[in-house]
Amino acid sequence: MNESAAGSGQSGLGPRGSLVMSLTLTLLLGMLSLLVMFPAAEHLRSLKGGERADATLHTSGSCMIGQCRVEFEADGRTVVADLPTGSGGKQSVGATVTVRYQADDPQVVAREEDVGGGGAALFAWMSAGAALLFLVLSAVAAVFLARQRRKAAAGTGAAG
């Protein structure tokens with residue numbers, strides 16, 4: 001590393017790269033919040049009045065991203081259904097959970113503890129807050145870039 005690069009205090013990313021990175025993160029976190037987590041919270045809330053059943057955790061995984069399945073009885077038949085994105089809890093296969101499901105479509109199911117939408121709503125607000133943070137960082141980077149350009153233009157005009 002040469003001394004002029006070390007003394008300049010610049011990171012490898014630079015202000016333009018910072019701006020692009022912040023705007024990209026803003027967009028991704030905003031989309032996660034608006035297109036995934038808020039709808040997931042609403043979906044969970046829609047099951048509040050659903051039919052109630054005792055279920056067994058059939059497949060475990062990351063329930064928050066929708067990788068858990070439950071098995072339960074609905075209208076005399078066995079149903080294996082995916083828990084929706086935004087489901088909480090960390091339980092092992094075979095654990096008993098209470099679920100709520102739509103009477104006309106038992107594949108639409110959620111854990112009873114999740115039908116308030118709390119975990120998904122919290123994650124939605126957290127990702128929205130992070131998106132706002134990166135939006136503010138983008139604004140700061142844009143102001144820094146504009147000042148840097150103005151200073152460079154003033155320096156070039158005075159020297160010429």
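Side chains included, hydrogens not; waters and symmetry mates left out as well; all remaining heavy atoms used.
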Query raised in the report: So if you build clusters from Ile, Leu, Val, Met, Phe, Trp, Tyr with side-chain heavy-atom gaps below 4.5 Å, do L32 and F38 land together?
Result: no
Report summary line: Distance col, row D82:CG vs Q107:CD, nearest 0.5 angstrom, shows 7.5 Å
Requested in this report: Give a yes or no answer on whether the side chain of T26 reaches the backbone of S22 with a donor-acceptor pair at less than 3.5 Å.
Outcome: yes
Query raised in the report: Do L35 and L27 belong together in a cluster built from hydrophobic side chains that touch within less than 4.5 Å?
Result: yes
Report task. May I ask whether L83 and V79 are part of the same hydrophobic cluster, defined by side-chain heavy atoms of I, L, V, M, F, W, Y residues being less than 4.5 angstrom apart, directly or through others? Result -> yes
Query raised in the report: If you look at every heavy atom in A81 and V109, which pair is closest and at what distance?
Result: CB-CG1, 3.4 Å
**Report entry** pair V108-H43: side-chain heavy atoms closer than 4.5 Å
**Finding:** yes
Report task. Drop me the distance from L137's CG to L132's CG, to the nearest 0.5 angstrom. Result -> 11.0 Å
Query raised in the report: Is the side chain of R100 donor-acceptor paired with the backbone N or O of G50 at a distance under 3.5 Å, no angle test?
Result: yes
Query raised in the report: Do C68 and R111 come within less than 4.5 Å of each other through their side chains, counting heavy atoms only?
Result: no
Report task. Determine the minimum heavy-atom distance between P84 and L44, stating which atoms define it. Result -> CG-CD2, 3.5 Å
Query raised in the report: Any chain of hydrophobic side-chain contacts (each under 4.5 Å) joining W125 to L34?
Result: yes
Report task. Any chance you could measure L57, atom CG, to R69, atom CZ, to the nearest 0.5 Å? Result -> 11.0 Å
Query raised in the report: In Å and rounded to the nearest 0.5 Å, what is the OG1 to CZ distance from T24 to F134?
Result: 10.5 Å
Requested in this report: Please report the closest heavy-atom contact between G30 and A131, naming both atoms and the distance.
Outcome: N-CB, 3.7 Å
Report task. Consider only side-chain heavy atoms of I, L, V, M, F, W and Y, link residues closer than 4.5 Å, and tell whether L23 and L145 are in one cluster. Result -> yes
Query raised in the report: Under 3.5 Å, side chain of T78 to main-chain N/O of E73, donor-acceptor pair present?
Result: no
Report task. Find the distance between CE (M21) and OG (S138) and round it off to the nearest 0.5 Å. Result -> 11.0 Å
Requested in this report: Nearest 0.5 Å please: distance from the OG1 atom of T98 over to the CD atom of E113.
Outcome: 6.5 Å
**Report entry** Enclosure of D104 CG (heavy-atom neighbours >12, cutoff 6.0 Å)
**Finding:** yes
Requested in this report: For the pair F72 and Y101, name the ring-plane relationship: parallel under 30°, tilted 30 to 60°, perpendicular over 60°.
Outcome: tilted
Query - Atom of L29, atom of A130 and distance for their closest heavy-atom approach - result: CD1-CB, 3.6 Å
